[in-house]
Amino acid sequence: MLGKKLTRSIRLYLIGTAILLAGLLGAGSIYLTATDDQGDALGYEFIDGQAYAINASDSKMYRRELERFGGKAAIFADDLNRWFSSLWHGKRLATTVAALATLLALFFFRAGMNCKEGPNNEHRS
């Protein structure tokens, strides 16, 4: 009975709100529980009291060999691949989840704004 009284635009707004709320709560819990694991760190560099991991892929020898075998395109592809894979681990995953939830919720909000309804809450094409 309640479903018949809600218009299509209100349903889309509610779906968007639920997605946004669930996404932000999930992102918050991921952020609070995640750690930034530096599994392939060769060592650490300390700058102003802050420790920064030195990865094997950041070494000059690795990049020189990669460029020798594949050229500048291989270095660019390797950097792009490492950046994209970093989005799905640790605290960056929380940012990714929050951004995806926000975009999906905005899609539903936009669809709710563009929903045209006729008399008796019937959808018009």
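The OG1 atom of T7 sits 8.5 Å away from the CG atom of L12 when rounded to the nearest 0.5 Å. Distance check: I10 CD1 to I15 CD1 gives 12.5 Å after rounding to the nearest 0.5 Å. Separating the OG1 atom in T33 from the CG atom in L93 is a distance of 9.0 Å, to the nearest 0.5 Å. The line from OG1 of T17 to OH of Y13 is 9.5 Å long, rounded to the nearest 0.5 Å.
Contact detail for R82 and Y62: the closest heavy-atom pair is NH2-OH, 3.1 Å. Shown here for L66 and I75, the closest heavy-atom pair between the two residues is CD2-CA, 3.9 Å.
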side-chain contact (heavy atoms from CB on, under 4.5 Å) evaluation trace for L32 with K91: CA-CA 8 Å; L32 293 175; K91 293 188 185 266; over 6 Å; no
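Connection of F84 to I30 is established within a shared hydrophobic cluster, with ILVMFWY side chains joined at heavy-atom distances below 4.5 Å, either directly or through further cluster members. F69 and F76 fall into different hydrophobic clusters, where Ile, Leu, Val, Met, Phe, Trp and Tyr are joined by side-chain heavy atoms under 4.5 Å apart, directly or via other members.
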List the atom pairs, with distances to 0.1 Å, where a side-chain N or O of residues 94-113 and a protein N or O form a donor-acceptor pair under 3.5 Å, not counting sequence neighbours.
| unit_1 | atom_1 | unit_2 | atom_2 | d |
| --- | --- | --- | --- | --- |
| T96 | OG1 | L87 | O | 3.0 |
| T96 | OG1 | R92 | O | 3.0 |
| T102 | OG1 | A98 | O | 2.7 |

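At a threshold of 4.0 Å, the pair E67-R64 does not count as salt-bridged, since none of the basic side-chain nitrogens sits closer than that to a carboxylate oxygen.
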